[in-house]
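Report on one structure; see the data block that follows.
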Amino acid sequence: MGGGRSTTPPALRSRSTASGVRGGPRLRPAPPHVTRSGMVSPPPRAAAVAAARAWLRVGPAPRPLMGSQGGVGAPGNGGPGEGESGETRKLQEEGRAARGKRRKGKGKAGAGQGGKGNGAEGKPERPQAKEETGLGAEAGPSAGLGKAGERGGSVEEGARRLVRGDEGSAGARKEAKGRSEGKKEEWRVRTGRREGARPARAQGRGSQAWGRLAGTRAAMATAAEEEAAAAAREPACRPAAGPALLCLPEELLLLIFSYLDMQALGRLAQVCRWLRRFTSCDLLWRRIARASLNSGFTRLGTDLMASVPVKERVKVSQNWRLGRCREGILLKWRCSQMPWMQLEGDSLYISQANFILAYQFRPDGASLNRRPLGVFAGHDEDVCHFVLANSHIISAGGDGKIGIHKIHSTFTVKYSAHVQEVNCVDCKGGIIVSGSRDRTAKVWPLASGRLGQCLHTIQTEDRVWSIAISPLLSSFVTGTACCGHFSPLRIWDLNSGQLMTHLGSDFPPGAGVLDVMYESPSTLLSCGYDTYVRYWDLRASARKCVMEWEEPHDSTLYCLQTDGNHLLATGSSYYGVVRLWDRRQRACLHAFPLTSTPLSSPVYCLRFTTRHLYAALSYNLRVLDFQNP
């Protein structure tokens with residue numbers, strides 16, 4: 001083990017002396033022995049090298065060492081222990097280097113492939129390089145021995161490389177190589193790279209990096225879009241694994257989820273796509289919708305908006321409850337008017353002076369097509385009131401006449417009904433009732449052969465401001481000015497014209513009823529000059545209302561509207577104030593002033609759907625959009 005002892009095998013030592021120059025250029029090592037199977041066999045001294053290496057090895061066989069250029073082979077010229085310490089020192093140095101490489105894990109796996117950099121500190125070029133355990137075996141013959149003469153290696157070092165290469169089996173090499181090639185191809189496809197599309201190296205590594213980054217981003221964006229489209233196309237199925245709750249039958253899940261409130265259902269819908277679709281079922285939201293404001297359900301449970309999902313209506317109802325809306329103007333007119341309004345489907349009918357105009361809503365419901373669908377005329381003075389019934393428009397004018405218009409044609413009939421202006425009119429079941437300033441109420445048939453023939457004339461002893469027919473078609477109610485000693489609300493028999501009953505007993509003089517409407521055959525609502533909204537139930541008492549709500553600013557209430565359940569909307573006489581009321585509370589829920597001081601105007605008429613509220617004032621038609629606040 002002396003410092004001057006040479007480790008060169010006898011075969012090479014004899015060749016060196018034959019050349020005559022001891023320190024001359026080293027010769028290339030003898031080529032390895034090749035067997036019939038094509039496998040490289042170790043040189044003669046491989047057995048001794050393998051025995052010494054087995055004595056030094058601890059744990060799995062070390063990976064191939066990297067040369068100064070990153071290739072597999074012996075250390076460079078002048079490396080530690082080469083030609084100085086002998087065979088044992090070389091093997092000890094190799095064992096220490098192998099153990100250090102296993103601890104660091106940074107050695108380059110693609111040995112013999114022309115990689116550059118320090119072999120002990122090189123980083124893997126591909127993520128799958130960790131799996132290429134058999135590359136040393138196929139790189140040994142080509143890189144280990146082929147470059148040994150050029151880099152100053154020896155036969156023993158080449159033998160060690162061959163032994164290390166032969167330790168990986170042929171099957172492992174093929175499997176690792178196939179897996180590596182497959183992953184390389186997949187990586188190229190995902191990042192949008194192709195073999196023939198790489199930029200030339202002359203353009204610089206900076207342009208290559210930016211090009212690869214742009215291609216990777218574009219490919220990632222395209223892949224994300226494709227995955228989202230595929231997820232949208234495929235139906236959401238029940239998760240195969242998850243909590244035991246999801247394994248229950250759907251009928252039992254519906255029963256359990258029906259006890260949850262709106263916030264809990266909303267959080268549950270964020271768990272997965274299947275639960276989101278399952279919790280969107282109308283059955284789960286019906287109970288919540290019936291307790292919400294203006295969700296399309298009446299008090300009796302009738303669904304007035306069956307075509308709209310219940311969950312969407314509950315979302316919009318929260319805007320009604322919180323007063324979140326966006327205000328807009330649909331129509332304007334130059335002179336002051338007293339308009340009346342009706343809604344039917346996607347059409348709006350509004351009176352302006354002695355005309356009735358029909359407009360069509362745009363899909364958003366918050367705007368109108370400027371050109372009217374139809375114009376209905378026939379009165380000599382302003383239209384005071386009108387209703388829609390059986391594809392007809394029945395109008396009452398200030399000229400004391402009643403007009404009947406066919407909606408989808410130009411058919412119009414008008415006849416004299418009262419001596420003075422007709423303030424109100426209603427039509428149900430082929431029967432028309434009208435009330436006039438001349439203190440009479442009359443009953444008319446709608447049949448084409450009997451138009452203009454009065455069935456009953458009722459003396460009300462007071463000016464009639466409002467009128468409504470019962471849903472049972474057995475009676476009608478009149479609201480008068482309350483200037484005499486009679487009650488302003490009285491119910492008359494529709495067939496005989498006889499007085500059935502009167503409602504209330506403590507109305508002050510002048511507490512006229514300006515609007516009245518039936519909510520059911522036994523319940524009705526009224527409002528007027530006394531600034532109260534009153535709710536009447538004929539089954540409980542006819543002398544006293546069941547509930548009442550007072551206008552906070554002591555303003556006359558010109559009109560009212562209800563959703564048939566919990567919501568009430570009223571229009572005041574000052575500043576165009578629209579108020580929303582929750583019938584479960586006494587106080588006003590929200591107030592929306594629609595005019596300012598110079599243009600103060602009453603709200604003559606208002607109508608609303610589950611998404612919008614429309615208010616007709618003296619100079620314009622306003623909309624409150626609760627769907628898109």
Side-chain angles (χ1 to χ4, degrees), residues 329-361 368-418 420-427 432-437 444 464-468 514-517 558-561 569 571 573 576 578 594-595 601-609 612-623:
I329 298 177
L330 293 181
L331 295 173
K332 292 182 179 180
W333 37 87
R334 297 179 180 178
C335 57
S336 179
Q337 306 282 342
M338 293 181 64
W340 194 257
M341 177 177 48
Q342 295 289 350
L343 298 178
E344 185 177 10
D346 60 347
S347 300
L348 179 141
Y349 298 83
I350 187 168
S351 62
Q352 297 181 19
N354 58 338
F355 297 98
I356 299 175
L357 293 88
Y359 293 92
Q360 186 176 15
F361 285 109
L368 294 171
N369 292 328
R370 292 300 179 181
R371 178 173 296 180
L373 294 176
V375 178
F376 307 95
H379 291 281
D380 299 330
E381 296 185 17
D382 292 352
V383 175
C384 301
H385 198 280
F386 70 92
V387 293
L388 304 176
N390 300 329
S391 68
H392 292 82
I393 301 176
I394 294 91
S395 60
D399 54 0
K401 296 180 180 179
I402 293 177
I404 301 174
H405 316 272
K406 199 80 170 180
I407 293 180
H408 301 293
S409 68
T410 58
F411 172 79
T412 299
V413 174
K414 64 176 182 178
Y415 53 87
S416 297
H418 295 271
Q420 296 183 6
E421 60 188 38
V422 185
N423 294 322
C424 52
V425 67
D426 196 9
C427 179
I432 302 173
V433 293
S434 60
S436 174
R437 192 182 180 93
W444 312 85
V464 183
W465 296 120
S466 57
I467 200 166
L514 294 178
D515 198 4
V516 63
M517 63 178 299
Y558 271 67
C559 55
L560 63 87
Q561 186 72 15
S573 59
V578 173
L594 303 180
T595 60
S601 165
V603 179
Y604 290 109
C605 182
L606 62 85
R607 295 287 184 268
F608 61 76
T609 64
H612 305 89
L613 185 144
Y614 308 97
L617 288 80
S618 299
Y619 295 96
N620 51 39
L621 176 65
R622 300 283 186 126
V623 60

Might you point out which heavy atoms bring A358 and F376 nearest each other, and give the distance in Å?
CB-CE1, 4.2 Å
Are more than 12 heavy atoms, taken from residues, nucleotides or ligands other than M341, located less than 6.0 Å from that residue's CE atom?
yes
Is there a side-chain contact between S336 and Y619 (heavy atoms, below 4.5 Å)?
yes
To the nearest 0.5 Å, atom CG of L621 lies from atom NZ of K332 at 12.0 Å
Please name the pair of heavy atoms, one in C384 and one in V422, separated by the smallest distance, quoted to 0.1 Å.
CB-O, 3.4 Å
Which residue, I329, V578, T595, forms the side chain to side chain contact (heavy atoms under 4.5 Å, CB included) with L617?
T595
Testing the basics here: between V516 and S466, what is the closest heavy-atom pair and its distance to 0.1 Å?
CG1-OG, 3.5 Å
Closest approach of S436 and N423, non-hydrogen atoms and distance?
C-ND2, 4.0 Å
Nearest heavy-atom pair of L388 and L343: which atoms, and what distance?
CD1-O, 4.3 Å
State, with a plain yes or no, whether a side-chain heavy atom of W444 is found less than 4.5 Å away from one of Y415.
yes
Let me have the donor-acceptor pairs involving side chains of residues 394-403, under 3.5 Å, with sequence neighbours excluded, atom names and distances please.
unit_1: S395; atom_1: OG; unit_2: H379; atom_2: NE2; d: 2.7
unit_1: S395; atom_1: OG; unit_2: G403; atom_2: O; d: 3.4
unit_1: S395; atom_1: OG; unit_2: H405; atom_2: NE2; d: 3.3
unit_1: D399; atom_1: OD1; unit_2: H379; atom_2: ND1; d: 3.4
unit_1: D399; atom_1: OD1; unit_2: K401; atom_2: N; d: 3.2
unit_1: D399; atom_1: OD2; unit_2: D380; atom_2: N; d: 3.0

Going by heavy atoms in the side chains, are L331 and L357 under 4.5 Å from each other?
no
Angle class for the Y558/Y604 ring planes (parallel below 30°, perpendicular above 60°, tilted otherwise)?
perpendicular
How far apart are the closest heavy atoms of H385 and W340, and which atoms are they?
NE2-CZ2, 3.2 Å
What do the steps show when you test S434 against I467 for side chain to side chain contact (heavy atoms under 4.5 Å, CB included), and what is the final call?
CA-CA 7 Å; S434 60; I467 200 166; 6.0 Å; no
With sequence neighbours excluded, tell me which residues meet side chain to side chain contact (heavy atoms under 4.5 Å, CB included) with S409.
K406, F411
Validation row: Y349, I407 side chains within 4.5 angstrom (heavy atoms):
yes
Does the plane of the ring in Y614 sit parallel, tilted or perpendicular to the ring in F361? Use 30° and 60° as the thresholds.
tilted
Tell me if a side-chain donor or acceptor on S601 pairs with a main-chain N or O of S618 at a distance below 3.5 Å.
yes
Report the distance from atom CG of N390 to atom CD1 of I404, rounding to the nearest 0.5 Å.
11.0 Å
